[in-house]
Every structure is written in structure tokens, then in C-alpha cells.
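Remarks on the structure that follows.
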Amino acid sequence: MEQQRSLSGSSQSPRSPSSQPYLSVSVTDPVKLGNGVQAYISYRVITKTNFPEYQGPEKIVIRRYSDFIWLRDRLFEKYKGIFIPPLPEKSAVEKFRFSAEFIEMRRQALDIFVNRIASHNLLQQSEDLRTFLQADEETMERLRSHETGIFKKKPADLMQMFKDVQSKVSDVVLGKEKPVEESNPEYEKLKQYVFELENHLAEAQKHAYRLVKRHRELGQSLSDFGKAAKLLGACEGQVLGKAFSDLGAKSEVLSAKLQKEAHQLLMSFEEPLKDYVRAVQSIKVSWTAVLCNI
């Protein structure tokens, strides 16, 4: 019998090769390609493994965001009831879409996404994961063109899916159908916990967003004040002018510090909370798929 693959049992880093079975993936080097509405970000995906079914100990491929969507959808379709890690959302604001900060946040989120799959005892054996990590770009483009996953469904299809869920819930309320979880208190307790957890995490993420925004706004205000103070100093005499110039310079230094702190809060506080919210939402999507027999 094939030796069980487990990353959690190894004392070594999941990124470091060892004598034990390992599968490590890195999403690196984001590059903007194309122009206008056709522009997109490509990523270098580096896989290191000693799994015999892979082509070799190391493989490097180029992937774009839609390829990650393809992988997520394929896993969702084939592994009903299993938690499929969430993907980072797209930016709805064009000016932020290709900002250095947004690109880095997405790269980190995509890295977490694929490594969660690679560390899952069942998902790591997926043929679709092997395809994603090894296929050439032409093959991936062809596979994407045939994608029909739940997340590619038309809005009308998704609306029907949620109507089906609503109908099932209504049947339960009206007594036409007895809920399965009624006979399983532990499941009902877990479901209630997940729904409450989502609300609490979403509330915490909202406050984290406000905290980051407040730091950035204060930093920008200090920057504007510093520039104004320097201009005022240039119009005054030597003593007063120097005082205003020094005040402006110190304001700009403090502004830079606040902007740096805002970025640190974003990456180490707001983004992790946002990732937790996405994870809980993915759990609920899995439940919905099972309920609707997708």
C-alpha cells in the first residue's frame, strides 16, 4: 500500500524537501501582461515534490488567476462535502487592480490557496491538481475554455440553486420535510457555530479595514500638511522659515511611518481576517452544494 502522505506529521518545514513524502508549492514573481481590459497578472508556480506520479522533483509553470479558478471549480465539483480552500476575490476597482500592494496581497493569497490543497491528504492526490502544477500554458487554456463549474454558472443558474435551497428550508418550516440535521445535534451545533463565526469575523474584518483606512488618511493628511508647512517656510524669514520647514519635514516623516504601519496592519491583520471570512464562506458553499445535490 502506498505510504500515506502527510505534511502535518513532519518536523521539517513544508517548503523543505525531506526523506518523507512532500509536496510544496510556491506562487512567485507576479508579472503584468497585456494592455487595457485584456491585461492580467501571470505568476510563476514552482512545485517541489517526491511524489512518484509527478514528472520530477521540481516543475515551474506560468499560471494566471483564471487557472486558479479552474482548479478550485474542478475540486469543488469532484469533492462534494469537502472544504475547498477559498480564492482571493477580484478587485472591482480598476485603479487598484494592478497596484503593487493588491498584486502582492493576491500573490500571497494564491500561495496559501494552493498550499492548503497540497497539504490536504485527499485533495493532494487530485489529478486536476497535478494538471494545474505541471501542464503547459496551452493545455491550461484549452481546459479553461471547457470549464463548467459552479462558479462559472450563469447568474440565473445560481439564482435557481439558491431558490432550491430556500424551497427546502421552507418545506422544513412548514413541516413538509424533516431536516436531516434535526436528528444530529452535533451537526446542528457545528452549523450554528459556523454561521455565528462568519458574522463575528466579518465584523472584526470591517473594523480592521476602518483602522487601516484611518491610518492611511491620517498619513495622507500629515503629508499634505508637511508640504504646506514647507511652502510657508519658504515665504518667511530665516528663523520662522526654518521652523516651518522643520515642522513640514517632521510631518512628512511621521506620514511615511503611518503609511508603513497601515500597510503592516493590512497584511498582518486585515488580510488574515478577510481570509478567515472567505474560508467560512467556502464551508457554507460546500454545504449548499451537498444540499442541492449539485
Side-chain angles (χ1 to χ4, degrees), residues 13-15 24-32 39-45 63-65 68-69 72 83-119 193-230 246-285:
S13 168
R15 300 291 181 127
S24 173
V25 185
S26 298
V27 179
T28 65
D29 304 326
V31 176
K32 180 182 177 183
Y40 65 92
I41 302 297
S42 72
Y43 305 87
R44 186 187 300 269
V45 179
R63 295 289 178 259
R64 53 190 297 181
Y65 182 73
F68 289 86
I69 293 178
R72 188 273 313 273
F83 167 69
I84 305 301
L87 279 171
E89 62 278 358
K90 285 189 174 182
S91 173
V93 183
E94 183 66 25
K95 68 178 181 178
F96 296 137
R97 184 180 170 199
F98 295 115
S99 68
E101 184 174 73
F102 176 79
I103 291 173
E104 174 58 19
M105 286 192 301
R106 171 173 283 186
R107 184 203 65 77
Q108 291 186 20
L110 292 175
D111 188 276
I112 291 173
F113 163 77
V114 73
N115 274 284
R116 281 173 173 167
I117 296 171
S119 63
Y193 167 76
V194 169
F195 275 72
E196 291 180 358
L197 179 62
E198 180 187 16
N199 292 333
H200 295 325
L201 286 172
E203 185 68 17
Q205 190 267 321
K206 181 174 66 175
H207 289 294
Y209 167 79
R210 291 175 177 173
L211 181 61
V212 172
K213 183 180 179 182
R214 187 176 298 115
H215 268 66
R216 284 180 167 165
E217 290 176 345
L218 181 56
Q220 184 60 51
S221 296
L222 281 169
S223 177
D224 295 339
F225 174 78
K227 292 176 182 177
K230 283 185 173 181
D246 290 345
L247 178 61
K250 291 181 179 179
S251 295
E252 290 181 338
V253 170
L254 183 57
S255 169
K257 182 178 180 181
L258 282 171
Q259 294 290 0
K260 183 178 180 181
E261 288 181 355
H263 179 74
Q264 292 173 341
L265 282 171
L266 174 67
M267 301 304 292
S268 62
F269 187 35
E270 183 188 353
E271 270 301 301
L273 283 171
K274 189 183 297 184
D275 179 64
Y276 292 145
V277 172
R278 290 193 294 255
V280 173
Q281 290 172 344
S282 290
I283 293 174
K284 292 174 65 178
V285 168

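In this structure, R106 satisfies the cation-pi test against Y65, with its NZ or CZ atom closer than 6.0 Å to the six-membered ring centre and inside 45 degrees of the ring normal.
Side-chain contact check for H263 and Q259: no donor-acceptor pair (N or O, by modelled atom type) lies under 3.5 Å.
Counting heavy atoms from C-beta on, the side chains of R116 and I112 come closer than 4.5 Å. Taking 4.5 Å as the limit, some side-chain heavy atom of V31 sits within range of a side-chain heavy atom of S42. Under the 4.5 Å side-chain criterion, counting only non-hydrogen atoms from C-beta, F98 is in contact with I41. Looking only at side-chain heavy atoms (C-beta outward), L87 and L110 come within less than 4.5 Å of each other.
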Show me the donor-acceptor pairs within less than 3.5 Å that the side chains of residues 265-273 make with the rest of the protein, sequence neighbours left out.
residue : atom : partner : partner atom : Å
S268    : OG   : Q264    : O            : 2.5
E270    : OE2  : Q205    : NE2          : 3.3
E271    : OE2  : K274    : NZ           : 3.3

Report all side-chain donor-acceptor pairs from residues 223-230 shorter than 3.5 Å, counting only partners two or more places apart or in another chain.
residue : atom : partner : partner atom : Å
D224    : OD1  : Q220    : NE2          : 3.0
K230    : NZ   : E252    : OE1          : 2.8

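To the nearest 0.5 Å, the span separating CG on L258 from OG on S251 amounts to 10.5 Å. Once rounded to the nearest 0.5 Å, the distance linking CG of L222 with NZ of K257 reads 12.0 Å. Annotation: the span from L201 atom CG to D275 atom CG amounts to 10.0 Å, rounded to 0.5 Å.
In this structure, Y209 places its OH atom where only 12 or fewer heavy-atom neighbours from other residues, nucleotides or ligands lie under 6.0 Å away. By the 6.0 Å contact criterion, CZ on R44 is open, its count of non-hydrogen atoms from other residues, nucleotides or ligands being 12 or less.
The side-chain hydrogen bond (donor to acceptor under 3.5 Å, both in side chains) search around N199 returns none, not counting sequence neighbours.
Taking every heavy atom of both residues into account, A118 and V25 meet most closely at CB-CG2, 4.3 Å. Residues F83 and P86 approach most closely at CZ-CD, 3.8 Å, considering heavy atoms. Pairing each heavy atom of R216 with each of A262, the nearest pair is CG-CB, 3.5 Å.
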Step-by-step side chain to side chain contact (heavy atoms under 4.5 Å, CB included) determination, H207 to L211:
CA-CA 6 Å; H207 289 294; L211 181 61; over 6 Å; no
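For the pair E217 and R214, the salt-bridge criterion is not met [side-chain N within less than 4.0 Å of a carboxylate O].
Using modelled atom types, one side-chain atom of R107 and one backbone atom of V27 make a donor-acceptor pair closer than 3.5 Å.
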